[in-house]
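These notes are about the structure you will find just below.
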Amino acid sequence: MRIVFFGTPQFAADILGDIAPMLSIECVYTQPDRVRSRGKKLLPSPVKLVGEELGLPVRTPATLKDEEVIDELEALRPDLICVAAYGALLPARVLSIPTYGCINVHASLLPAYRGAAPIERAILNGEEEVGICIMRMEEGLDTGDWCIRRAIPVRDMGAEELTAELASLGSSALLSAIAQIESDAVRWTAQDETKATYAPKIGKGELDLDPSASVIQNVRRIQASSAAHPARAHIAGRDVTIMKATPAQKEHPSAKQDGIAHALVAEGRLYLFCSDGALEVLSLKPAGKGSMSAQAFISGLRDRDEQGFTQWRAI
């Protein structure tokens, strides 16, 4: 079966790396090189890097609506197009090219969390499990029938760890789906539109911590954070990214009821007071430095009073 692969981020790159040795992939399509860091340099997508490492032809069209791009894709004569987080909708003309259509590895348990940020939104909403679906693509956003649906528990895993787990799960599910399609044994299940939800992109600063939010809201922001969307705060005069935290295991009196958000250093631990209690910071990354434990951070902390209190606020 002649396959063309579409994808862009690390999630898609992991899937491509897993499936390429077992399939006949004619070409890889990914988003053009873009500024992806503070250095303002144009950088290739993770899928482009993996595709080139595998020796596969890689194309990076700015749009899939260009006639020349469509002609090039048609010339590949794909039996199937496989998509994983490509970053743009496939036009109707592209969807009609492959003999067996286009299928997508979507990182949610459809019809829940259609859209760009299913893993992060599931974490923020307190879901106990996340998963992947292999779905048949149509013009709507993640609205097609699905054939394979697999789930894993969230537990205390962060978004990046869950993304890696779901990529591995998606790889095996995609291979199974391709085998079913090839043997004409695939069974498609329509999505229940009454249960559909949407997972929009994470906005800039959306995962920053806020003293006026609850403990669980702030902990979930940290769990849903990533290098692209960090959970930041300003503690004791320093901008930091909180890497890991948990609700405090015991109550600590706020002591100072003066409208100022407080942090507390006690028994070698760092607590941030929120609207309904405190969370304990386990690890963090001060601006301009590497990640470190909360203990290492507070060992150099001077801006606190005799009771161990200091201040914290949103960025």
Side-chain angles (χ1 to χ4, degrees), residues 10 117 119-130 152-167 202 204-256 260-315:
Q10 192 60 50
I119 299 170
E120 293 88 343
R121 295 296 173 191
I123 293 172
L124 290 172
N125 288 339
E127 300 289 356
E128 294 184 358
E129 63 179 15
V130 293
I152 58 172
V154 174
R155 297 196 178 98
D156 63 347
M157 286 190 283
E160 291 182 331
E161 188 177 0
L162 283 170
T163 299
E165 291 282 333
L166 290 177
I202 299 296
K204 183 177 181 181
E206 184 179 347
L207 301 184
D208 289 349
L209 304 195
D210 187 344
S212 67
S214 68
V215 170
I216 195 63
Q217 285 174 322
N218 279 322
V219 169
R220 286 174 182 170
R221 290 178 189 182
I222 296 163
Q223 191 177 2
S225 67
S226 63
H229 298 286
R232 303 173 302 161
H234 189 81
I235 303 174
R238 305 181 188 184
D239 289 342
V240 301
T241 295
I242 309 298
M243 309 298 290
K244 195 163 187 177
T246 186
Q249 295 302 305
K250 61 180 181 178
E251 293 185 8
H252 292 278
S254 169
K256 300 184 179 180
I260 298 174
H262 287 94
L264 172 65
V265 177
E267 301 174 345
R269 299 173 182 267
L270 175 61
Y271 301 94
L272 304 183
F273 291 101
C274 307
S275 66
D276 61 350
L279 64 82
E280 181 185 351
V281 177
L282 302 179
S283 60
L284 70 168
K285 181 181 180 299
K289 296 186 177 181
S291 60
M292 62 181 66
S293 67
Q295 289 85 350
F297 176 74
I298 62 180
S299 67
L301 204 59
R302 300 289 179 264
D303 186 14
R304 51 178 160 150
D305 63 20
E306 295 177 356
Q307 287 77 41
F309 285 96
T310 185
Q311 296 180 15
W312 83 282
R313 61 172 173 80
I315 289 288

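When reading the values below, keep in mind they use all heavy atoms of this one structure, side chains included, and skip hydrogens, waters and symmetry mates. These numbers come from a predicted model, not from an experiment.
- Here the straight-line distance linking atom CD of Gln311 with atom CZ of Arg304 works out to 14.5 Å at 0.5 Å rounding.
- Listed for the Arg221 side chain is a donor-acceptor partner under 3.5 Å among the backbone atoms of Asp208.
- No more than 12 heavy atoms of other residues, nucleotides or ligands sit less than 6.0 Å from atom CZ of Arg269.
- Put simply, CG on Asp210 and CD on Gln217 are 9.0 Å apart, with the number rounded to the nearest 0.5 Å.
- No donor-acceptor distance shorter than 3.5 angstrom exists from the side chain of Glu280 to the backbone of Ala245, with no hydrogens or angles considered.
- The salt bridge (charged side-chain N to carboxylate O under 4.0 Å, His left out) pairs that include a residue from residues 152-166 number zero, where partners must be two or more places apart or lie in different chains.
- Residue Pro153 comes nearest to Leu162 through the heavy atom pair O-CD2, 4.2 Å, listed as atom of the first residue, atom of the second, then distance.
- With contacts defined as side-chain heavy-atom distances shorter than 4.5 Å, the pair Asp305/Thr310 does not qualify.
- Side-chain atoms of Leu209 and Ile242, non-hydrogen and from C-beta on, do get closer than 4.5 Å to each other.
- You'll find the side chain of His262 stays beyond 4.5 Å of the side chain of Tyr271, heavy atoms only.
- Using a 4.5 Å cut-off on side-chain heavy atoms (C-beta onward), Leu124 and Leu207 make contact.
- In this structure, the separation between OG on Ser275 and CG on Asn218 is 8.0 Å, given to the nearest 0.5 Å.
- Looking at Phe273 and Leu264, their side chains come closer than 4.5 Å, going by heavy atoms from C-beta outward.
- The distance from atom CD1 of Ile216 to atom CD of Gln223, rounded to the nearest 0.5 Å, is 8.0 Å.
- Residues Asp239 and Pro286 form no side-chain contact, since every pair of their non-hydrogen atoms from C-beta on lies 4.5 Å or further apart.
- With rounding to the nearest 0.5 Å, the separation of CD in Gln295 from OG in Ser283 is 10.0 Å.
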